[in-house]
Amino acid sequence: FKAADFNFWGVTFTPDAKGFYATLQTSGQQWLVQGDMAQQRMTVIAPNVECPSLSPDGQRIAFKRRIVPAPQGRVVWQIVVRELADGKETVLARETRSVDDQVEWIDNREIAYSLPDDTTPAATNTFALAIDGQSAPRLLAPLAYSPAVVR
């Protein structure tokens, strides 16, 4: 890279630990990149991807996508799941709140993420959401922050 303004974040590793996916930002644009440890190489996969999270079976990436233009000029994110084999994307539109979190996979069918609590200042709740694009979110753990799943 020759640009002075590139940044990587939101790293998620493949099940075999030989590769990873991450967000690359440069020139005001976010990109999904795929990394190969042995080849010491990264490949740009898709635009408008932030904080990717690889499913346990390595078949899908869940991520947050910035909605542009955002309502009232504020940043708003929606959760999207991308099939790695064909690039098909499913917007998880039943979650209508802005999710500013790197989601975590509970299993190959459901993700978890945190959102601010409506009644307790500086607190969050953790929600679960099926990736079918039809299911509504459910409260998974009240007053819990940014989930991690132990497999």
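No side-chain heavy atom of Pro142 sits under 4.5 Å from any side-chain heavy atom of Thr126. The shortest distance between side-chain heavy atoms of Gln78 and Val80 falls below 4.5 Å. With a 4.5 Å cut-off on side-chain heavy atoms, Phe63 and Gln30 do not count as touching.
Taking the charged nitrogens against the carboxylate oxygens, Arg109 and Asp107 do have a contact shorter than 4.0 Å, which makes a salt bridge. Using a cut-off of 4.0 Å between Lys/Arg side-chain N and Asp/Glu carboxylate O, Glu83 and Lys88 are scored as not salt-bridged. With salt bridges taken as basic N to acidic carboxylate O contacts below 4.0 Å, none links Asp36 and Lys18. A salt bridge between Glu50 and Arg66 is present, with a side-chain N of the basic residue lying under 4.0 Å from a carboxylate O of the acidic one.
Of all the heavy atoms in Gln102 and Val11, the pair that sits closest is NE2-O, 3.7 Å. Across all their heavy atoms, Ala130 and Glu110 have their closest contact at N-CG, 4.0 Å. Nearest heavy atom pair, residue Ala136 against residue Arg94, reads CB-NH2, 3.4 Å. The heavy-atom pair separating Thr14 from Leu54 by the smallest distance is CA-CD2, 3.5 Å. When all heavy atoms of Ala123 and Leu143 are compared, the closest pair comes out as CB-CD2, 3.7 Å. Closest approach of Arg82 and Gly87 over heavy atoms only: NH1-O, 3.6 Å.
For the pair Thr12 (side chain) and Ser53 (backbone), a donor-acceptor distance under 3.5 Å is absent. For the pair Thr23 (side chain) and Cys51 (backbone), a donor-acceptor distance under 3.5 Å is present.
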* Dump the intermediate steps for side-chain contact (heavy atoms from CB on, under 4.5 Å) on Phe8 and Met42, then the final yes or no. => CA-CA 11 Å; Phe8 296 96; Met42 282 192 290; 3.3 Å; yes
* side chain to side chain donor-acceptor pair (under 3.5 Å) evaluation trace for Asn48 with Gln29 -> CA-CA 7 Å; Asn48 304 321; Gln29 175 68 52; 2.7 Å; yes
* How far apart are the C-alpha atoms of Lys64 and Asp100, what are their side-chain angles, what is the distance that settles it, and do they pass the salt bridge (Lys or Arg N to Asp or Glu O under 4.0 Å) test? -> CA-CA 7 Å; Lys64 64 182 187 180; Asp100 183 11; 2.3 Å; yes
* For Thr124 and Asp117, run side-chain contact (heavy atoms from CB on, under 4.5 Å): C-alpha distance rounded to whole Å, both residues' side-chain angles, the deciding distance at 0.1 Å, then the answer. => CA-CA 5 Å; Thr124 64; Asp117 184 74; 5.9 Å; no
* To do: Output, in order, the C-alpha distance, side-chain angles, deciding distance and verdict of side-chain contact (heavy atoms from CB on, under 4.5 Å) for Ile61 and Leu84.
  => CA-CA 7 Å; Ile61 293 275; Leu84 292 173; 3.6 Å; yes
* To do: For the pair Trp77 and Arg97, evaluate side-chain contact (heavy atoms from CB on, under 4.5 Å) and give the outcome as yes or no after the intermediate values.
  => CA-CA 8 Å; Trp77 289 278; Arg97 299 165 290 186; over 6 Å; no
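Judged as a salt bridge (Lys or Arg N to Asp or Glu O under 4.0 Å), the pairs with a partner in residues 140-151 (not counting sequence neighbours) are, in order, Glu104-Arg151.
Val44 pairs in a side chain to side chain contact (heavy atoms under 4.5 Å, CB included) with only one of the listed residues (Leu32, Thr26, Val33), which is Val33.
Expressed to the nearest 0.5 Å, how far CZ of Arg138 lies from CG of Leu140 amounts to 5.5 Å.
Around the CG atom of Asp118, the shell of radius 6.0 Å holds no more than 12 heavy atoms that belong to other residues, nucleotides or ligands.
Taking Ile, Leu, Val, Met, Phe, Trp and Tyr as members and joining any whose side-chain heavy atoms lie under 4.5 Å apart, directly or through other members, the hydrophobic cluster of Phe127 also contains Ile79, Val81, Leu92, Val99, Val103, Trp105, Ile111, Tyr113, Leu115, Leu129, Ile131, Leu139.
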